[in-house]
Amino acid sequence: YNNEKHWVSTIFANFTAAADALQWSDIRIVSNWRIQQHAQSKAYRILDSEDHVVSEGTLKDCDTHFSVLMRKGVVAPVRKEAVIVLHGLGEGRSAMKPLVAFLEENTSASILSFGYASPQASLASHAHSLSNVLAGLPPTTAISFVGHSMGNLVVRRWLQDAKPEIVCRIKRMVMLGPPNQGADLARLVGNNHLLRNLASGAAREL
């Protein structure tokens, strides 16, 4: 009974965490501490590297608290090279954990896992969130991207409006399963009136 109860609790906790991840987008990441913005309510919060909520409030409140944490050394600074890892549609950062762990073990770069509320907003909105994250990096930091599925489209959309001075800092981009020519599933849904009307945000664009 206790094992079954623990199993159910674990599933519920994982489901809750996954649902929560689809509601928030990162706007600043330093050593996998992050400031996030809610996709619907526009609330803000700080998460630590274990995804625990540290504080909530206005953007100004979170910026101030984050700056204090960095000054105290609680949040380690970003290194000279950063690799931004982006998940796909309907996923959260947890989907990229094995890849993030591999990169952390095999490179000296700072690995920053970028989370965005993929079904809740447009590609332009996700690109804007990514832009805020990149703007928060030191100006001398070299940048690489590893994107899965729609994560690649977010980077491509960001590139449309990116300033030359930050584009020249990009070293490489690795695309995993990018729907650069569209996606078979999206085409299937697009041909179904009911499913097409249920799609929203970036999913509708795809």
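Residue numbers count from 1 along this sequence. Side-chain atoms are counted along with the backbone in the values below, which use heavy atoms only and exclude waters and symmetry mates.
- Under the 4.5 Å side-chain heavy-atom criterion for ILVMFWY residues, no single connected hydrophobic cluster contains both L47 and V74.
- Here Q23 contributes atom CD and Q40 contributes atom CD; the two are 6.5 Å apart, rounded to the nearest 0.5 Å.
- Residues meeting the side-chain hydrogen bond (donor to acceptor under 3.5 Å, both in side chains) test with T140, sequence neighbours left out: none.
- Here V68 is tied to no hydrophobic group at all, with no ILVMFWY side chain closer than 4.5 Å.
- In this structure, Y44 and Q37 approach most closely via the heavy-atom pair OH-NE2, 3.4 Å.
- Atom CG of N32 sits about 9.0 Å away from atom OG of S110, to the nearest 0.5 Å.
- With sequence neighbours excluded, the residues that form a side chain to side chain contact (heavy atoms under 4.5 Å, CB included) with S55 are I46, H65.
- Separation of atoms CZ (R34) and SG (C62) is listed at 13.5 Å; rounding is to 0.5 Å.
- When the side chains of ILVMFWY residues are joined at heavy-atom separations under 4.5 Å, either directly or via intervening members, L134 and I35 end up in a single hydrophobic cluster.
- Taking all atoms of both residues into account, the shortest heavy-atom contact from A76 to V30 is O-CG1, 3.2 Å.
- For T107, the side chain to side chain contact (heavy atoms under 4.5 Å, CB included) partners at least two apart in sequence or on another chain are L103, A109, I111.
- Take D61 and apply the side chain to side chain contact (heavy atoms under 4.5 Å, CB included) test, not counting sequence neighbours, and it matches T58.
- Between the CD1 atom of I84 and the CG atom of L137 there is a distance of 5.5 Å, given to the nearest 0.5 Å.
- Looking at every heavy atom in both residues, S113 comes nearest to D26 through O-OD2, 3.6 Å.
- Of the listed residues (V155, V146, L112), just one forms a side-chain contact (heavy atoms from CB on, under 4.5 Å) with L86, and that residue is V155.
- Qualifying side-chain hydrogen bond (donor to acceptor under 3.5 Å, both in side chains) partners for R93, counting only residues two or more places apart in sequence or in other chains: D51.
- Among residues at least two apart or in separate chains, ring pair (Phe, Tyr, Trp, His ring centres under 6.0 Å) pairs with a member in residues 75-120 are H87-Y116, F114-Y116, Y116-H126.
- The side chain to side chain contact (heavy atoms under 4.5 Å, CB included) test applied to E50 returns D48, H52, not counting sequence neighbours.
- Residues satisfying the side-chain hydrogen bond (donor to acceptor under 3.5 Å, both in side chains) criterion with D161, sequence neighbours excluded, are R157.
- Within the 4.5 Å cutoff, side-chain heavy atoms of L22 are placed close to those of S118.
- Note: L159 CG to L153 CG = 11.5 Å, rounded to the nearest 0.5 Å.
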Using distance only, find each side-chain donor-acceptor pair of residues 164-176 under 3.5 Å and give its atom names and separation, not counting sequence neighbours.
| residue | atom | partner | partner atom | Å |
| --- | --- | --- | --- | --- |
| R169 | NE | P139 | O | 3.4 |
| R169 | NE | T141 | O | 2.9 |
| R169 | NH2 | P138 | O | 2.9 |
| R169 | NH2 | T141 | O | 3.0 |
| K171 | NZ | E81 | OE1 | 3.3 |

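- By the ring-ring contact (aromatic ring centres under 6.0 Å, His included) test, W158 pairs with F145, sequence neighbours left out.
- Counting heavy-atom neighbours within 6.0 Å of K42 NZ, excluding the residue itself, gives a total above 12.
- To the nearest 0.5 Å, atom OG of residue S149 and atom CD of residue E91 are 7.0 Å apart.
- In terms of hydrophobic clustering, with Ile, Leu, Val, Met, Phe, Trp and Tyr side chains grouped at heavy-atom distances under 4.5 Å, M96 and L130 are assigned to different clusters.
- The hydrophobic cluster around W24 extends to none of the other residues, as no ILVMFWY side-chain heavy atom falls under 4.5 Å of it.
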